[in-house]
Amino acid sequence: MIDKALLEKIKKLKKERNAVILAHNYQIPEVQDMADFLGDSLGLSIKASKTKADIIVFCGVKFMAETAKIISPGKKVLIPEKDAGCPMADMITAEALIELKKKHPEAKVLSYVNTPAEVKAESDLLCTSANAVELVKKAFTPGDEIIFVPDKYLADYVSRETGRKFISWNGYCTAHVSILPEHVKEEKRLHPEAKVLVHPECTRPVIDLADEALSTEGMMKFAKKTSAKEMIIGTEPGIVYRLKKENPGKEFYAANASSVCRNMKKTTLNKVIRSLEIMQYEIILSDDIIRRAKKSIEGMLKFR
Ligand code: 13P
Ligand code: SF4
């Protein structure tokens with residue numbers, strides 16, 4: 001049950017601070033319900049680039065809030081929970097990428113948005129799960145050597161979709177790799193009519209069982225459009241709340257209800273209030289990192 005008093009408090013603080021609240025689709029239901037805008041990494045980046053608010057409160061994980069700061073350096077960007085990191089993003093560092101670039105001096109670097117700001121600053125172009133395939137088709141020529149970090153499963157998926165080979169990194173999402181083919185097969189046995197939607201961070205055997213591989217917002221759009229009445233969802237299960245809420249006539253089943261991203265669940269309404277009250281935790285990045293990372297993000301946003 002949503003706490004009306006907390007919601008009123010957030011509304012008042014938001015107005016006083018001229019703040020906007022962005023939330024990722026994996027956030028807990030209360031946070032989803034309170035946010036001004038819900039979306040995937042790409043949608044949230046676009047929103048951050050367009051908002052007129054002075055303050056962005058980012059309910060998600062650190063790389064997302066950093067992306068908002070890089071896009072809007074003149075704004076104050078707050079993350080209500082300082083320990084909301086992304087284990088996959090932390091599997092690559094700028095130092096490691098610099099070493100890899102030395103081994104492949106001709107290669108261009110395509111980084112998944114799930115990376116620290118310092119890695120973005122060392123990259124030529126960014127992508128999200130929503131645009132990776134299109135971007136690789138449009139932004140690179142067939143002779144290009146491409147380093148793709150950090151998600152080896154997304155790299156594998158994009159490689160299969162585009163026919164391009166990548167120098168990839170050994171990164172992966174701890175939540176998505178816990179969705180196993182057996183989980184999908186069992187849900188398919190229980191719901192034989194259901195369409196299977198999975199995130200491209202899933203492993204190849206899971207993607208091979210799916211009807212569609214989509215970003216989280218891609219799943220939202222597909223669920224709305226399709227005539228299918230049942231869907232098995234192969235991603236972090238937090239999105240099932242929104243899918244059900246926005247599609248009351250349809251049924252959604254998490255492929256693995258335990259494949260939870262713990263960091264995405266750390267943000268609560270009380271932490272959002274605290275964040276707005278005392279302006280914590282502010283994302284601070286150096287001008288140099290912002291300037292260099294911005295180029296790779298703007299390169300991506302141009303390809304819409
Ligand atoms: P989306 O961009 O598809 O929302 O994915 C973000 C993410 O962290 C997936 O694990
Ligand atoms: Fe990172 Fe995976 Fe969590 Fe997404 S779901 S934030 S990729 S750990």
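For ligands, and for the atoms within them, numbers begin at 1 and follow the listed sequence. Sequence positions, counted from 1, serve as the residue numbers for this chain. Owing to the predicted nature of the structure, the values given are computational and were not obtained by experimental measurement.
- With respect to the salt-bridge test (charged N to carboxylate O, under 4.0 angstrom), the residues D33 and K245 qualify.
- Of the candidates N263, D40, T235, Y26 forms a side-chain hydrogen bond (donor to acceptor under 3.5 Å, both in side chains) with just one, namely T235.
- T267 and I28 get closest at one heavy-atom pair: O-CD1, 3.4 Å.
- Legend: protein N/O/S atoms lying under 2.8 Å from atom 1 (Fe) of ligand 2, waters omitted, number 1.
- To the nearest 0.5 Å, atom CZ of residue F63 and atom CE of residue M88 are 8.0 Å apart.
- Using a 4.5 Å cut-off on side-chain heavy atoms (C-beta onward), F252 and L197 make no contact.
- Taking all atoms of both residues into account, the shortest heavy-atom contact from I207 to C202 is CD1-O, 3.4 Å.
- The two residues A117 and A293 make their nearest non-hydrogen contact at O-CB, 4.0 Å.
- For the pair T216 and H199, the minimum side-chain heavy-atom distance is below 4.5 Å.
- The distance from ligand 2 to the heavy atoms of E201 drops below 4.0 Å at these ligand atoms: 2 (Fe), 7 (S).
- Pocket lining of ligand 1, defined as residues with a non-hydrogen atom under 4.0 Å away: H24, Y26, D40, S41, N114, S129, H176, H199, E201, S215, T216.
- Counting heavy atoms from C-beta on, the side chains of L214 and K221 never come closer than 4.5 Å.
- By the 4.0 Å heavy-atom criterion, E236 is excluded from the residues contacting ligand 2.
- If you check the side chains of Y281 and E81, you find no donor sitting under 3.5 Å from an acceptor.
- Listed by number with element, the atoms of ligand 2 under 4.0 angstrom from any heavy atom of Y26 are 5 (S).
- For S159 against F166, the heavy-atom pair with the smallest separation is N-CE1, 3.5 Å.
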